[in-house]
Amino acid sequence: MFVYADNAATTQVSKTALDAMLPYLTEIYGNPSSLYSFAQKATEALQEARETVAACLNADPREIYFTSGGSEADNQAIVSAARLGARKGKKHLISTKFEHHAVLHTLARLEKEGFEVTLLDVHEDGVVRLEDLEAAIREDTALVTIMFANNEIGTVQPIAEIGALCRARKIPFHTDAVQAAGHMAIDVKAMNIDMLSISGHKFHAPKGVGALYARKGMVLTNIIEGGAQERGKRAGTENVAGIVAMAAALKESCVHMEENTAKIIPMRDKLFAELSKIPHSKINGSLEHHVPGTVNMCFEGIEGESLLLMLDDAGICASSGSACTSGSLDPSHVLLAIGLPHEVAHGSLRLSIGEYNTMDQIDHIIATVPGIVQYLRNMSPVWDELQKGERPHLI
Amino acid sequence: MALYSEKVMDHFRNPRNVGKIDDADGVGEVGNAKCGDIMRMYIKVDDNGVITDCKFNTFGCGSAIATSSMATEMIIGKTVEEALDLSNKAVVEALDGLPVHKLHCSVLAEQAVRAAVKDYYDRRGISYDPELFKDMDEEELHHHVGLD
């Protein structure tokens with residue numbers, strides 16, 4: 001049985017998105033910037049897509065800027081707020097320890113340019129505390145950027161409360177909503193969000209397309225210079241087919257959000273319930289504040305990459321925050337941020353499911369994982385020491 | 001999976017000589033759980049100094065398990081002195097290569113063998129040139145090789 005359980009990494013393109021985009025590759029291929037009526041059809045499609053995306057977020061279409069994906073949107077939002085702040089002498093940026101690298105690396109670059117960055121603790125449950133944010137805010141804070149939902153452990157942040165606090169303090173608030181868009185209700189007005197990033201391929205659109213929402217009045221800095229596309233804020237001929245697909249996929253996801261969630265949650269909860277029966281396992285992140293589809297667990301005494309390779313042999317696609325899968329010696333910064341010891345973080349498994357998964361597939365995962373964990377533990381000297389009491393159990 | 005050669009995947013899927021030797025003549029353990037891999041190697045040595053059996057336990061990624069498995073195969077039937085000559089390069093070649101960021105696993109396998117032989121020498125009271133193992137006691141060994 002083949003089970004794709006890595007939907008937080010990317011998703012299958014939906015039939016709706018594919019059907020929507022195909023005509024813009026083969027028939028309506030004109031450049032939206034061209035004057036003739038043939039190309040104007042592409043311009044109209046862009047406008048319609050902008051209206052659709054805006055409606056899904058409760059934004060104005062003029063507040064939507066199409067990008068190449070979530071990373072570009074994150075980069076542009078953060079750099080824009082930093083440049084704007086610097087002009088007013090504000091050079092302090094607030095974020096969290098477990099953001100996506102598109103955020104963390106952009107902040108690190110700004111830090112080198114002389115900005116000060118405060119990264120908030122996310123505590124053991126993977127949720128930011130409002131009082132921590134309040135305490136971190138300064139007179140010269142130029143931006144608060146806090147992700148909507150974490151990509152590895154799936155914890156959801158108190159976005160509306162953060163938004164209200166930032167609005168009251170007149171500080172721009174950006175959220176990386178890449179893992180939330182299409183899976184959770186987003187209302188940029190009600191949540192007082194000033195900027196928000198989304199990525200199409202996380203909700204069944206193709207890779208290579210995303211959007212930045214920037215509230216009217218936010219001054220954007222260009223990341224890509226060139227033509228006057230996207231009201232002069234993002235140069236480059238628009239990825240019309242991708243944008244049309246993203247709009248169609250987002251609309252579909254938002255229309256079916258309730259039924260998708262109702263389908264996904266029982267599958268996720270079964271995974272949590274059954275895999276938790278493995279001794280010395282741990283669920284990572286608060287279950288109370290959680291996206292529907294993400295399951296992140298650690299199994300003591302084993303290493304994540306071996307687990308993934310064996311799951312692959314069993315037809316199961318998953319991911320891990322172990323060092324060996326991150327390409328460095330350190331395990332995932334997210335797992336370290338929620339306080340896991342290195343040796344436990346190495347044995348992590350992320351299963352991220354979506355509405356295309358079935359309960360049969362969940363049962364296959366449940367039937368497969370415990371045996372692999374036991375097999376790897378049997379050959380692990382760490383497990384041997386844990387069993388003999390020569391090493392204390394950490395979970 | 002394209003990350004690893006067929007040989008690596010074979011040794012990962014069907015690791016040779018997994019287990020422990022209760023009456024081992026030498027046991028070596030290298031690596032550290034914080035860094036994500038530990039190898040423990042057991043050797044049985046006859047009166048002629050020939051390694052007659054070797055088993056391993058490994059906590060680590062696919063290449064850590066595969067290099068451990070390959071190393072055990074390469075030293076069984078060899079004398080302990082020959083085992084000391086086993087290089088990480090030879091292990092990598094026998095596995096038809098490893099990705100660059102996984103080369104430290106092969107160094108760990110070489111070190112595990114050397115640690116087991118050192119333990120055998122110590123237990124038997126066989127004298128040796130300490131220079132032979134001077135790189136063994138460094139806590140940070142794993143980090144250094146990882147960064148190469």
Side-chain angles (χ1 to χ4, degrees), chain A residues 280 298-332 335-336 340-348 372-388 390-395, chain B residues 1-4 8-20 22 27-42 55-69 72 98-105 108 112 115 140-148:
Chain A
H280 301 290
C298 284
F299 304 105
E300 200 175 17
I302 66 165
E303 194 280 331
E305 192 209 81
S306 295
L307 177 59
L308 295 191
L309 290 170
M310 297 200 70
L311 285 171
D312 187 28
D313 280 351
I316 299 166
C317 307
S319 64
S320 167
S322 85
C324 280
T325 54
S326 72
S328 76
L329 284 173
D330 285 321
S332 136
L335 299 178
L336 297 181
L340 291 186
H342 278 66
E343 42 274 70
V344 173
H346 285 302
S348 79
I372 295 176
V373 170
Q374 194 51 53
Y375 169 82
L376 291 172
R377 281 177 171 175
N378 286 345
M379 78 160 85
S380 163
V382 174
W383 184 247
D384 186 46
E385 288 169 16
L386 288 165
Q387 290 293 92
K388 286 184 191 153
E390 294 166 4
R391 178 190 282 275
H393 278 289
L394 297 172
I395 57 173
Chain B
M1 190 174 269
L3 173 64
Y4 292 129
V8 173
M9 284 311 293
D10 176 40
H11 276 264
F12 169 71
R13 289 188 179 112
N14 312 294
R16 280 60 143 180
N17 307 307
V18 179
K20 298 177 202 167
D22 288 335
V27 183
E29 184 172 303
V30 293
N32 119 31
K34 275 191 85 169
C35 299
D37 34 32
I38 292 189
M39 289 181 194
R40 192 191 288 163
M41 201 113 12
Y42 301 81
K55 294 215 184 294
F56 80 92
N57 267 187
T58 288
F59 160 84
C61 60
S63 62
I65 290 170
T67 52
S68 312
S69 165
T72 62
L98 279 179
V100 173
H101 67 287
K102 298 289 188 177
L103 288 175
H104 73 276
C105 291
L108 220 53
E140 294 297 301
L141 167 79
H142 193 194
H143 277 292
H144 291 314
V145 298
L147 294 171
D148 279 345

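Proteins come first, then strands; the chains are lettered A, B, ... in the order of their sequence lines, and each starts at number 1.
- How far OG1 of B:T58 is from CD of A:E303: 11.5 Å, rounded to the nearest 0.5 Å.
- Looking at B:I38, the atoms closer than 4.5 Å to chain A (heavy atoms on both sides) sit in the backbone and in the side chain alike.
- Neither the backbone nor the side chain of B:S68 has a heavy atom closer than 4.5 Å to any heavy atom of chain A.
- For A:R377, no part lies under 4.5 angstrom from a heavy atom of chain B.
- The CG atom of A:D312 sits 7.0 Å away from the CE atom of B:M9 when rounded to the nearest 0.5 Å.
- Atom CD of A:E385 sits about 5.0 Å away from atom CZ of B:R40, to the nearest 0.5 Å.
- At a threshold of 4.5 Å between non-hydrogen side-chain atoms, the residues A:N378 and B:V18 do not count as touching.
- Here the CG atom belonging to A:L309 is positioned 9.0 Å from the OG atom belonging to B:S63, to the nearest 0.5 angstrom.
- Counting all heavy atoms, side chain and backbone alike, A:M310 lies closest to B:F12 at CG-CZ, 3.4 Å.
- Distance alone, capped at 3.5 Å, is enough to place a donor-acceptor pair between the A:H346 side chain and the B:K34 backbone.
- Residue B:G62 comes nearest to A:E305 through the heavy atom pair N-OE1, 2.8 Å, listed as atom of the first residue, atom of the second, then distance.
- Annotation: the span from B:F59 atom CZ to A:M379 atom CE amounts to 13.0 Å, rounded to 0.5 Å.
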